[in-house]
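Protein chains get the first letters and strands the later ones, always in sequence-line order, with residue 1 at the start of each.
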Amino acid sequence: MNDADSPRTNFIRDLILAGNASGKHGGRVHTRFPPEPNGYLHVGHAKSIMLNFGLAEEFGGKCNLRFDDTNPTKEETEYVESIIEDVKWLGGDFGDRLFYASDYFQQLYDWAVDLIKKGKAFVCDLSGDQVRETRGTLTEGGRNSPYRDRSVEENLDLFARMKDGEFPDGSRILRAKIDMASPNLNKRDPVMYRILRAEHHRTGNRWCIYPMYDWAHGQCDSIEGITHSICTLEFEDHRPLYDWYLDQLSVFHPQQIEFDRLNLTYTLMSKRKLLQLVQRGVVEGWDDPRMPTISGMRRRGYSPQGLRTFARNLGVSKTTGLTEFEMLEYYIREDLNRTAPRVMTVLRPLKLVLTNYPEGQAEFLEAVNNPEDADAGKRSVPFGGELCIDREDFRETPPKGYHRLYPGNEVRLRYGYIVKCHDFVKDPATGEITEVHCTYDPETRSGHQTRRVKSTIHWVSAAEAIPVEVRLYDKLFTAENPNETPDGQDFTMYLNPKSLEVVQGKAEPSLANARPGDRYQFERLGYFCVDKSSKAERLVFNRTAELRDTWAKLQKRL
RNA sequence: UGGGAGGUCGUCUAACGGUAAGACUGCAGAUUCUGGAUCUGCGUAUCGGGGUUCGAAUCCCUGCCUCCCAGCCA
């Protein structure tokens, strides 16, 4: 843990502090991060990971990684593997404490038998529809199941036979016997077990009955000695049930604490909807750089430290909020600014000819790798009479306030010379500018004290530059909250058709050694990360984030 | 309409009966061989109405608004 990760106060931390002060759990703090392996982790999970692991670390405790794998119809090993990778990547240290709810299926079954013996659970033969009909509504209580008063013996027998596979899927359930009139729907004789013949990713076909979340979660927490079971707000209503089960069993009783999940503007956080994007091919996969998944962000170039700092600065509360995406970007940029080596790359090449540059001359210019990091060193960049600059950096007729290249104006070539534009070539058919002609001033080579110019632009040497494919990503959605749709519409109406633009650029030759996952700052453009599909002979970069661009902002206002 | 949980700058959070603070965003300026970074400045925010108190974002009453819950999902 470093300074940027150092704990920040929040109500959960206060709760723990207060508990410790009163001697609760002997001052022990043990949390858990309990994902269901039914999809990839997203930034929202990053918040939870940082909270759970961070709290454990701060109080000298431990945090378990536990897969909540009680629904074999949705869970897969692929998800388990990606989740483990993501948690580790974010720095979540679960040591050897990698657990599964399915590890406890037998114990859960035995406890269910205990509850039956205590007359607190019964086998119900109602169909799904009937259960729903008898559950009542938000304003009216439900009706007791006609099977509610079966004898303990009959319940024991039926439950055993449910487990033994004597009954078809969905034909019977085990329910807790609580109170059908409870204003809390969760306590209206909730389902504990359902019959489900599906291959479980770990237990295979050993079981054909599976515990429901409410029946499993608290008991798993108890088994693992979890002291603080932190979950999101929507489980607030479940806490009475969480407590009820633990009380009936008279076992170690963890405390469930709820906090607000992360919501980000222009982002979807629902695994169900993210899965749809993957299945419909809207994105390349769960790790598409436009996805709000941890793996997508990793591929996009977000650093674990950037994400960690973001999570820490979010704060934790019980108020439902919508965090601005800009805040995330800020912390990502902040980290990348400190750590990413600078390099020059041209996205949309435009030929720049230095008309007075000596024929056949070539030279190398010295460039700083990272002005924010003295230890990053320097490198040599080849320079010559034919260069490429970005089309953005030349205008035939400059708008007001434009300081870059235009006829008659001079700019500095980064780490090179001051050049002055005296001509340009335009394709008469298309109107496209194909060449810009400048003279350079040999007296102004970088490092020499010379006159100042208003702008410095980046460039690459036409002869030595290497081709690169650059994927320019933009927001996946055009609406701040893609969940809020008009009647009859769904979130896909807000998909941004321009969320990806691919360009063929040119990069300085030092980039030839770039390996997948390497992060760079392309000077004046933004942060970029080598994609996993990148090959030495065909480099592919993903744009992580643009640099803050006050010029673009100015223009937008006009 | 039943139950649960919440309402503090544009956004996210702090203040735990004693000067409403920070970060992000935005704006203005300084600086700069990245229109980056950095630095400086700029904030009419406690949902409304009552009350208790010397003093209320905080305690009480009341009204309003928002979110969650009727899966054999988690």
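- For the pair A:Asp335 and A:Arg308, the salt-bridge criterion is not met [side-chain N within less than 4.0 Å of a carboxylate O].
- Side-chain contact between A:Arg150 and A:Asp125 is present, with heavy atoms from C-beta onward closer than 4.5 Å.
- Using C1' as the reference atom, B:rG10 and B:rG26 are 9 Å apart when rounded to the nearest Å.
- Rounded to an integer number of Å, the gap from OH of A:Tyr213 to C1' of B:rC69 is 14 Å.
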- [ ] Dump the intermediate steps for side chain to side chain contact (heavy atoms under 4.5 Å, CB included) on A:Leu405 and A:Cys438, then the final yes or no.
- [x] CA-CA 9 Å; A:Leu405 224 40; A:Cys438 291; 3.9 Å; yes
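- Atom CZ of A:Arg239 and atom P of B:rA74 are 20 Å apart (whole Å).
- The partner of B:rG18 is B:rC54, by the rule that a Watson-Crick or G-U pair needs both atom distances under 3.5 Å.
- A straight line from CZ of A:Arg338 to P of B:rU34 spans 21 Å, rounded to a whole angstrom.
- The distance between atom CG of A:Asp393 and atom P of B:rU34, rounded to the nearest whole Å, is 13 Å.
- A close approach under 4.0 Å does occur between a side-chain nitrogen or oxygen of A:Arg194 and OP1 or OP2 of B:rC73.
- Taking atom CG of residue A:Leu525 and atom P of nucleotide B:rA37, one finds them 14 Å apart after rounding to whole Å.
- As rounded to whole Å, 9 Å separates atom P of B:rA74 from atom CG of A:Leu196.
- Atom CD of A:Glu392 sits in a sparse spot, with 12 or fewer heavy atoms from other residues, nucleotides or ligands closer than 6.0 Å.
- To the nearest angstrom, C1' of B:rA37 lies 11 Å from CZ of A:Arg414.
- Between A:Lys553 and B:rG26, a side-chain N or O to OP1/OP2 separation shorter than 4.0 Å is present.
- For A:Lys420, the NZ atom sits in a loose shell: 12 or fewer heavy atoms of surrounding residues, nucleotides or ligands are nearer than 6.0 Å.
- Dashed line: the shortest gap from a side-chain N or O of A:Arg188 to OP1 or OP2 of B:rG3 is not under 4.0 Å.
- Across all strands, A:Leu322 comes closer than 4.0 Å only to sugar-phosphate atoms, never to a base (heavy-atom distances).
- Within 4.0 Å (heavy atoms only), A:Gly142 reaches no atom of the nucleic acid at all.
- Across all strands shown, A:Gln521 has heavy atoms under 4.0 Å from base atoms, whether or not it also approaches the sugar-phosphate.
- Aromatic stacking of A:His217 on B:rA74: not satisfied for centres closer than 5.5 Å together with planes under 30 degrees.
- Taking atom C1' on both B:rG29 and B:rA57, the two are 35 Å apart, rounded to the nearest angstrom.
- Looking at heavy-atom distances under 4.0 Å, A:Leu126 makes contact with a base.
- The same atom, C1', is picked in B:rC12 and in B:rG43; the two are 16 Å apart, to the nearest Å.
- Residue A:Arg452 places at least one side-chain N or O closer than 4.0 Å to OP1 or OP2 of B:rU32.
- Within 4.0 Å (heavy atoms only), A:Asp237 reaches at least one base atom of the nucleic acid.
- Contact annotation for A:Gly321: backbone-only contact, meaning every heavy-atom pair under 4.0 Å involves sugar-phosphate atoms and none involves a base.
- In the region residues 259-272 of chain A, proximity to RNA chain B at under 4.0 angstrom, judged on heavy atoms, holds for none of the residues.
- For the C1' atom pair drawn from B:rG48 and B:rG7, the interatomic distance equals 12 Å after rounding to whole Å.
- Between A:Lys47 and A:Arg261, the closest side-chain pair of non-hydrogen atoms is not below 4.5 Å.
- Contact check, A:Arg132 against B:rG71: a side-chain N or O comes under 4.0 Å of OP1 or OP2.
- Between A:Pro482 and A:Thr267, the shortest heavy-atom distance links the atoms CD-O, 3.8 Å.
- Close to B:rG36, at under 4.0 Å from its OP1 or OP2, lies a side-chain N or O of A:Thr550.
- Heavy atoms of A:Asn38 sit nowhere under 4.0 angstrom from any nucleic acid atom.
- Using a 4.0 Å heavy-atom criterion, one finds that A:Tyr402 contacts the bases of the nucleic acid, with or without backbone contacts as well.
- Spacing of C1' atoms, B:rA37 relative to B:rA30, comes out at 14 Å, to the nearest Å.
- Among the heavy atoms of the strands lying under 4.0 Å from A:Glu372 is at least one base atom, whether or not backbone atoms are also near.
- Pair assignment for B:rU11: B:rA23, on the basis of Watson-Crick or G-U wobble contacts that are both within less than 3.5 Å.
- In this structure, the separation between CG on A:Asn263 and OG1 on A:Thr323 is 7.5 Å, given to the nearest 0.5 Å.
- Side-chain nitrogen and oxygen atoms of A:Arg333 include none within less than 4.0 Å of the OP1 or OP2 phosphate oxygen of B:rU34.
- Listed pair A:Thr320 / B:rU66 fails the phosphate criterion, with no side-chain N or O lying under 4.0 Å from OP1 or OP2.
- Between B:rA74 and A:Thr70, a contact under 4.0 Å exists linking OP1 or OP2 to a side-chain N or O.
- Within 4.0 Å of A:Pro240, counting heavy atoms only, lies no atom of the nucleic acid at all.
- Heavy atoms only, all atoms of each residue included: A:Met269 and A:Gly44 are closest at SD-N, 4.1 Å.
- Here the separation of B:rU31 from B:rC24, taken at their P atoms, is 23 Å to the nearest Å.
- Closest to the side chain of A:Tyr330, out of B:rU34, B:rU25, B:rG35, is B:rU25.
- Atom NZ of A:Lys454 is surrounded by 12 or fewer heavy atoms from other residues, nucleotides or ligands within 6.0 Å.
- Within the 4.0 angstrom heavy-atom criterion, only backbone atoms of the sugar-phosphate kind lie near A:Pro211; the bases stay farther away.
- Note on A:Leu233: nothing from the nucleic acid sits closer than 4.0 angstrom, heavy atoms only.
- Separating the P atom of B:rU58 from that of B:rU62 is a span of 16 Å, rounded to the nearest Å.
- Atom-to-atom, CD of A:Glu324 to P of B:rC12 comes out at 8 Å; the value is rounded to the nearest Å.
- Within 4.0 Å of A:His458, counting heavy atoms only, lies no atom of the nucleic acid at all.
- When distances run from any side-chain atom of A:Ile173 to the nucleotides B:rG35, B:rC72, B:rA14, the shortest one goes to B:rC72.
- Among the protein residues, A:Val316 comes within range of the sugar-phosphate backbone only, with heavy atoms under 4.0 Å from sugar or phosphate atoms but none that close to a base.
- Separating the C1' atom of B:rU66 from that of B:rA23 is a span of 25 Å, rounded to the nearest Å.
- Residue A:Leu185 places its side chain closer to B:rC69 than to any other of B:rC69, B:rC72, B:rG36.
- At distances below 3.5 Å, at least one donor-acceptor pair connects side-chain atoms of A:Asp260 with backbone N or O atoms of A:Gly321.
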